[in-house]
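In what follows, chains carry the letters A, B, and so on, assigned in the order in which the sequence lines appear, proteins first and then strands, with residues in each chain numbered from 1.
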Amino acid sequence: MPQRSEDLFQSRLAKLHHLRAQGLDPYPPRFSRTHTAQQAIALFQQEEAQHGAPWRTPPVRVAGRISALRAMGRATFLDLRDGSGRLQVLLRQDALGNAYALTKDLDLGDFLGAVGPLFRTRTGEITLEAQEIAILCKALRPPPAKWHGLRDVELRYRQRYLDWMANEPSRQLLVLRHKVVQAIRRFLDQRGFVEVETPILLPVAAGAFARPFVTHHHALDRRLYLRIATELHLKRCIIGGLEKVYEIGRVFRNEGIDNRHNPEFTTLESYEAYADYNTVMRMVEEMVSTVAQEVLGTTCIPWKDGKIDLAPPWQRLSLRDAVRERTGIDLETASDPQTLGEQMRRLGLAVDPRASWGKLVDKLLGEKVEPFLLQPTFLIDYPVEMSPLAKRKPDNPRYVERFEAFAGGMEIANAFTELNDPIDQRQRFLEQEELRRRYGDEEFDRLDEDFLLAMEYGMPPTGGLGVGIDRLVMLFSNSPSIREVIPFPHLSWSQEELLTEVDKHLQRLAGNGQPMTAADLYQALVASLPEEVRSRLTEPELRKRVEDFLRRP
RNA sequence: GCCCCGUUAGCUCAGCCCGGCAGAGCACCGGACUUUUAAUCCGGGUGUCCUGGGUUCGAAUCCCAGACGGGGCACCA
């Protein structure tokens, strides 16, 4: 595989062998350090203040990755970087003796331990003068360029560790994400919520609008799906008597990838018995603003060219009013697909004539309302057709007690007073199944018989909430793309992966010793390659690969 | 699915319009240098110009097809 960068690799390999030849272990099992880079610098500053300059501390032990190397004959400066920061190390032949020869085998990216006193150089930089050094790990590939860093977006995502090595903001984003999740947990834990872990592999993937991923359990010989939501299991917890539960976890939706969608993403869902969507609304604005305050130190955050103020209370706007204000359409009168579709066409929207009313409302919201909700806003009371798990409004059964929260034009939360009438719930599921049949749309929700069974035992009135953690982190970090905030985002095949896959098949096909003609081998290859690989390569490309393969010794 | 842009050395990028020996900085390799800081100085270019096909005496450059990435649209929570 590593045909690229072969020379750099070989040069480092040679140094590795040279180290071994001298009886040094390039990968020793341990090195005990007494100070991080930051602690070492703090120690020096403290002692210098006490004793006055010039001052040398007693020896300290530090370790880190070599991030810069400035060699000048019998003295070498290098920068060691660890999790806390950077410390300059001076290697001098006079101080190190024979060990100084090791310097020649060091490269950027290697891990090194150094022992010695701290002092200030002529130019004033706090520096460790090494009396002892130990290579802790020989790196066989070079780190990204020190000056330009790593800009190539594809490389940044495919080899995220290089991104983190080279780009401080990317590292910080990971930490920010952690702090957000931590602050959410703290918020909920303090309110008596219990965190539970519900299954990811399910016989029925229900609880949201999405196509699921399919997998198979061999021992059970059963088709299973990856969950698209945690909702139905968390409600089972409520049924079982836990009154406040939540889960922060990954859900999987088999859909396209873009700036706001990754096929796996993290949601928070919480359920609280004896709460309703009004209770949840207050909790959401308090939670998001509290998290912002704890993590960012303010509730007023920059977003694109403007600012968003997350301090409660957030604006509350009924969905019907919001649509009427922005489009002039009244959903009460435009209450069938034909009328609504007609009015939407008049606004210049492309309308699928077969779309259901709920889908049309959804599209109208997505096009004409949501993108304009920059300051945090609750959209309240959704049509029942779009919300099969929410309780109807007592005074208008065509609507449900549901809200979605928006900020920066993105949906960040979705919540409702949960439906706990098992007969209505069954009816709603059946309607979803019917809609899926009628519209051939895989994304309608699914009937979950096991969940209905649970609900028939009785569920207290409950307020439920879903929050997209990734989008919340996008908001908090002013990131335009969800890929930035997901440590390892999904990408398609790279050219190298494809060709490696082809070669694997070629080796297997040609492996039984019998000589094959290029034409035969090509035929066998096409028959053997999975469609996902074959379809990404053209016939001439594959034929060429076969010929190259046969030409190889 | 559609449109636009990109893909050249390990990294960041120029060269492409108007076809003529594949370039720069950093990194790397060899040499000098015991307080440097993007160290400096001398010497060295290390390449499947994304892939495949076509036009041409000649293609990184022009044409066609495709892959991957980015952006937009469509679709979608």
Q: Can a donor-acceptor pair under 3.5 Å be found between the side-chain atoms of A:Q88 and the base atoms of B:U36?
A: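 Result: at least one qualifying N/O pair found.
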Q: Starting the side chain at C-beta, find the nucleotide from B:C68, B:U35, B:A77 nearest to A:S492.
A: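 Out of B:C68, B:U35, B:A77, the nucleotide with an atom closest to A:S492's side chain is B:C68.
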Q: Provide the Watson-Crick or G-U wobble partner of B:G1, both distances under 3.5 Å; none if there is no partner.
A: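 Its partner is B:C73.
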Q: Any donor-acceptor pair under 3.5 Å joining the side chain of A:R151 to the base of B:U12?
A: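 No, the side chain and the base share no sub-3.5 Å donor-acceptor pair.
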Q: Can you identify which nucleotide, out of B:A77, B:C75, B:U36, has its nearest atom closest to the A:K363 side chain?
A: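 Output: B:C75.
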Q: Which pair of heavy atoms, one from A:P263 and one from A:H490, lies closest together, and at what distance?
A: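 Smallest heavy-atom distance, with atoms named: CG-CD2, 3.8 Å.
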Q: Would you classify A:L491 as touching base, sugar-phosphate or nothing, given that sugar-phosphate means primed atoms plus P, OP1 and OP2, and contacts are heavy atoms under 4.0 Å?
A: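 Sugar-phosphate: the residue A:L491, judged by heavy atoms under 4.0 Å, touches backbone atoms but no base.
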Q: Select base, sugar-phosphate, or nothing to describe what A:A71 touches, counting heavy atoms under 4.0 Å on all strands.
A: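 Here A:A71 touches the bases of the nucleic acid.
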Q: Given that both distances must come in under 3.5 Å, which nucleotide forms a Watson-Crick or G-U wobble pair with B:G20?
A: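 Pairing partner: B:C57.
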Q: Please figure out whether A:F119 or A:S535 has its closest RNA chain B nucleotide nearer the 5' end.
A: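 Its nearest nucleotide being more 5', the pick is A:F119.
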Q: Which of these nucleotides, B:A77, B:C68, B:U34, is closest to any side-chain atom of A:F406?
A: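 Nearest nucleotide to the side chain: B:A77.
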Q: Whether A:N259 contacts B:G72 is assessed here as follows: a side-chain N or O lying under 4.0 Å from the phosphate OP1 or OP2. Is that the case?
A: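 Yes, because at least one side-chain N or O of A:N259 sits under 4.0 Å from OP1 or OP2 of B:G72.
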Q: Is A:R543 positioned over the aromatic face of A:Y522, cation under 6.0 angstrom from the ring centre and no more than 45 degrees off axis?
A: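 Ring-cation test returns yes.
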Q: Just name whichever nucleotide pairs with B:A67, Watson-Crick or G-U, keeping both distances under 3.5 Å, else none.
A: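 When the pairing criteria are applied, B:U7 turns out to be the nucleotide that pairs with B:A67.
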Q: Less than 3.5 Å between a donor and an acceptor, one on the side chain of A:E539 and one on the base of B:A65, is that the case here?
A: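 Side chain to base: no pair below 3.5 Å.
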Q: When you measure from the side chain of A:R227 to the backbone of A:T198, do you find a donor-acceptor pair of N or O atoms at a distance under 3.5 Å?
A: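 Confirmed, A:R227 side chain pairs with A:T198 backbone.
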Q: Ignoring backbone atoms, test whether A:R536 places a side-chain nitrogen or oxygen under 4.0 Å from the OP1 or OP2 oxygen of B:G66.
A: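 For A:R536, the contact criterion (side-chain N or O under 4.0 Å from OP1 or OP2 of B:G66) is not met.
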Q: Would you mind telling me which residue lines up with the more 5' stretch of RNA chain B, A:H490 or A:K15, judged by nearest nucleotide?
A: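 Whichever sits nearer the 5' end wins; that is A:K15.
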Q: Has the side chain of A:R122 got a donor or acceptor that lies under 3.5 Å from a partner of the other kind on the base of B:U35?
A: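 Side chain to base: no pair present.
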Q: Give A:N414 one of three labels, base, sugar-phosphate or nothing, depending on what nucleic acid heavy atoms sit under 4.0 Å from its own.
A: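 Since no nucleic acid heavy atom lies under 4.0 Å of A:N414, the category is nothing.
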Q: Hey, does the side chain of A:R436 reach the backbone of A:F444 with a donor-acceptor pair shorter than 3.5 angstrom?
A: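 A pair under 3.5 Å: yes.
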Q: Is there a donor on the side chain of A:E541 or the base of B:A67 sitting less than 3.5 Å from an acceptor on the other?
A: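 Absent.
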Q: Base, sugar-phosphate alone, or nothing: which one does A:D79 contact when heavy atoms must sit under 4.0 Å apart?
A: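 Here A:D79 touches no strand at all.
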Q: With heavy atoms under 4.0 Å as the rule, sort A:K104 into base, sugar-phosphate or nothing.
A: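 The residue A:K104 makes no contact with any strand.
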Q: Remember a base hit wins even if backbone is also touched, and classify A:L150 as base, sugar-phosphate or nothing at under 4.0 Å, heavy atoms.
A: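 Result for A:L150 = sugar-phosphate.
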Q: Can you tell me the Watson-Crick or wobble partner of B:U40, both distances under 3.5 angstrom?
A: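 When the pairing criteria are applied, B:A32 turns out to be the nucleotide that pairs with B:U40.
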